[in-house]
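Since the structure comes first, as structure tokens, the remarks are kept for the end.
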Amino acid sequence: MNRAAAHLLTRLYPRRWRERYGAEFEAFLATGRGGLRASANVVWSALFEHIFPTPGLKTDQQPRSFGVIVRQPSAFLPLAMSFTALVLVLGHVALFGAVREADEGATAHLWQLLMAGQMPVLAFFAIKWLPRAPRPTLGVLALQAGAALASMAPIFFLNL
Amino acid sequence: MGHYSDPPLLVLASLASGPKHGHAMIEDIAGMCGTRLGPGTLYGAIARLEQQGWIMPLPPEERRQPYRITAEGLRVLRAKLTTLQHFAKAGLGRLEAS
């Protein structure tokens, strides 16, 4: 495997794992056989390490506040997707009026994709962060739920 | 039914014959039971075994990081293999009886 690919794949692991094993794992990948199968195995293992971290590995003891957690990609991505969905609906209403159409248009499909697409991200966020910092994570989940409901509200109230 | 796959046990069994680095472990395990561990799977097992104190790193050789099994790791390996041996013996006994 070339060194750039090895470096990129190693970067998929959590920071505390990389601090201990990153250098040797990258060298191990760079000197080994590459290929799709090996890469997929590394991607899956990195994801597993994020969800079920190796017990006993020294973890960073930084306080995990609401502000820190809400800045995680898996926290703000669903918020951004809900916000985008809301802007899409409001933009559509502003341009074409609150008219129920028999045939779902591109806006409706985009809205559905944005709302459905955030579900796996939300699940990942909850699985990763609820065990580590339950209270602030519940706060972020409530915010995400609020954002999702806000983007659904125009559809419900305007009967689109 | 696929090859036997319990990565931590396979790594311990591989290191029982002496210290090895990652690639040597993969080849040794493939020769031992036909299972070829992926790089992520191997290092997932190595990390967990090291944190449990069952293996330990040796000084690096060039860019390779060898590991060796600890006394506690040997004890755990022996216990697990004994359990498997009892299981295999019981299963084979039932096959012969039927």
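Order of the sequence lines sets the chain letters (A, B, ...), proteins ahead of strands, with each chain counted from 1.
- Counting only distance, with no hydrogens or angles, the side chain of B:Q65 and the backbone of B:L58 share a donor-acceptor pair below 3.5 Å.
- For A:E49, the part sitting under 4.5 Å from any heavy atom of chain B is the side chain, from C-beta outward, and nothing else.
- Heavy atoms closer than 4.5 Å to chain B are found nowhere in A:S39, neither backbone nor side chain.
- For B:L37, no part lies near chain A; criterion is any non-hydrogen pair under 4.5 Å.
- Ion pairing between A:E24 and B:R63 fails under the 4.0 Å rule for side-chain N and carboxylate O.
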Inset, instruction - Could you check B:Y67 against B:H21 for ring-ring contact (aromatic ring centres under 6.0 Å, His included), going step by step and ending with a plain yes or no? - result: CA-CA 6 Å; B:Y67 285 86; B:H21 55 74; over 10 Å; no
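- Heavy atoms of A:R20 lying under 4.5 Å from chain B belong exclusively to its side chain.
- Just one of B:E62, B:R64, B:H23 meets the side chain to side chain donor-acceptor pair (under 3.5 Å) condition when paired with A:T31; it is B:H23.
- By the 4.5 Å heavy-atom criterion applied to side chains, A:F124 and A:L47 are counted as neighbours.
- Between the B:T70 side chain and the B:W54 main chain, a donor and an acceptor come within less than 3.5 Å of each other.
- Proximity to chain A (any heavy atom under 4.5 Å) is shown, for B:P60, by neither the backbone nor the side chain.
- Only one option out of B:L77, B:D6, B:L74 pairs with B:L12 in a side chain to side chain contact (heavy atoms under 4.5 Å, CB included); it is B:L77.
- Scanning residues 137-148 of chain A against chain B with a 4.5 Å heavy-atom cutoff picks out nothing at all.
- The greatest number of non-hydrogen atom pairs below 4.5 Å with chain B, out of A:P55, A:A23, A:A46, A:A30, is found for A:P55.
- Here the closest heavy-atom approach between residue A:S151 and residue A:I155 is recorded as O-CG1, 4.0 Å.
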Under 3.5 Å, side-chain donor or acceptor atoms of residues 75-91 of chain A against the rest of the protein: list the pairs with distances, not counting sequence neighbours.
from, atom 1, to, atom 2, distance (Å)
A:S82, OG, A:P78, O, 3.2
A:S82, OG, A:Q118, OE1, 3.3
A:S82, OG, A:Q118, NE2, 3.1
A:T84, OG1, A:A80, O, 2.6

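- Between A:Y21 and A:Y13, the ring center distance fails the sub-6.0 Å criterion.
- When the candidates B:G22, B:P39, B:G38, B:P57 are compared by the number of heavy-atom contacts under 4.5 Å with chain A, B:P39 comes out ahead.
- Heavy atoms of A:W44 lying under 4.5 Å from chain B are absent altogether.
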